[in-house]
Protein chains: 2
Amino acid sequence: MSPSANRKHSIRRERILELLSGTKRHPTAEWVYEQLKREYPGLSLGTVYRNLRILVEEGLAQSIRGGKATDHFDADIAPHHHVTCDRCGKVSDAPVKVTEEFFKKMEKATGYRISFPQISVSGLCPDCQNQKSPLPE
Amino acid sequence: MSPSANRKHSIRRERILELLSGTKRHPTAEWVYEQLKREYPGLSLGTVYRNLRILVEEGLAQSIRGGKATDHFDADIAPHHHVTCDRCGKVSDAPVKVTEEFFKKMEKATGYRISFPQISVSGLCPDCQNQKSPLPE
DNA sequence: TTGTCTGCAAAACATTTGCACCTAT
DNA sequence: ATAGGTGCAAATGTTTTGCAGACAA
């Protein structure tokens, strides 16, 4: 499936996007699958993954680093901030300051309890800005 | 392995922590394994995972949501901020404002190019603050 | 008709776990 | 001696992919 191929109209893809648009959740592929399986009993999880990927490619949805996916480790245990490279997945420290008030606002706005005031942002790392480098980590 | 068991001295665990402490990278388990396999040819990847987990449990390292792990989706494609629940993995919107200057500072401090000014933070969601709820999503 | 989309099953990864043996205490 | 640590392989969980048939243009 090339990054910008000709698309046909697909009812599943349409419904997947509708589902995403119609919820405040930030669902996983699995959740989308469970919902839509009611409508389309034959639905395949592969189809959900494929279409989510396409929707992101087309800019109609975004994928979020979150959930339980934590596959990087750091021996610096003081709260500090990170940037992740969207291309190669590298994680680097971001030595910037964020005020305590900011996290208070976050707590107020979300109802979450932020015990570890640490921010992540993503972007393109210096290496990947020159597309030279392959994709190792 | 209970959350706070009695630990013995383990040379592998010690070396894993040293490796983490001695690098500015934020390595994956795989990377740690590759490095240490030179020293301990018989080393098992399972041992690396086990010890990373223990180090995090003991507060000697932290695990970072980053890398290529993106398993949640959102049809709201305008940059906005998120909180992730450390316990159940739920992701929610965080309607707070972050200045453009902040991201400029981030870019300056890291060399990354932040094309999508969006922040993630993690904490405990309201449901999980009352430990009642099980661990569904 | 043609190329895309889909279901299915297998494959590819990443991470965890059971088990028997090894080692620190 | 005893509980924790380790290697190994199998199990789990998640996401991707190859393929043959279905469908949209």
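Each chain gets a letter, A, B and so on, in the order its sequence line appears, and its residues count up from 1.
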Quiz item: Does a nitrogen or oxygen in the side chain of A:R53 sit under 4.0 Å from OP1 or OP2 of D:dT16?
Solution: yes
Self-check item: Phosphate OP1/OP2 of D:dG4 contacted by B:S10 side-chain N/O (<4.0 Å)
Solution: no
Self-check item: Nearest-nucleotide 5' precedence on DNA chain C, B:H9 against A:H9
Solution: A:H9
Quiz item: What is the ring orientation for B:F103 with B:H81, classed by angle as parallel under 30°, tilted 30 to 60°, or perpendicular over 60°?
Solution: parallel
Practice problem: Establish, with yes or no, whether the OP1 or OP2 oxygen of D:dG5 is under 4.0 angstrom from a side-chain nitrogen or oxygen of B:R50. | Solution: no
Practice problem: Select one nucleotide: of C:dG7, D:dG7, D:dT6, the one nearest the side-chain heavy atoms of B:R13. | Solution: D:dT6
Quiz item: Between B:Y49 and C:dT15, is there a side-chain N or O to OP1/OP2 distance below 4.0 Å?
Solution: yes
Exercise. Please confirm whether the backbone N or O of A:I114 pairs with a side-chain atom of A:E107, one donor and one acceptor, at under 3.5 Å?
Key: yes
Quiz item: Phosphate oxygens OP1/OP2 of C:dT25: is one of them under 4.0 Å from a side-chain N or O of B:R7?
Solution: no
Quiz item: Hey, is the side chain of A:T47 poking within less than 4.0 Å of OP1 or OP2 on C:dG7, counting only N and O atoms?
Solution: yes
Quiz item: Which atom names give the shortest non-hydrogen contact between A:Y112 and B:S92, and what distance separates them?
Solution: OH-OG, 2.7 Å
Quiz item: Is the distance from OP1 or OP2 of D:dT6 to the nearest side-chain N or O of B:N51 less than 4.0 Å?
Solution: yes
Practice problem: Please round to the nearest 0.5 Å and tell me the distance separating atom CD of A:Q35 and atom OH of A:Y40. | Solution: 13.5 Å
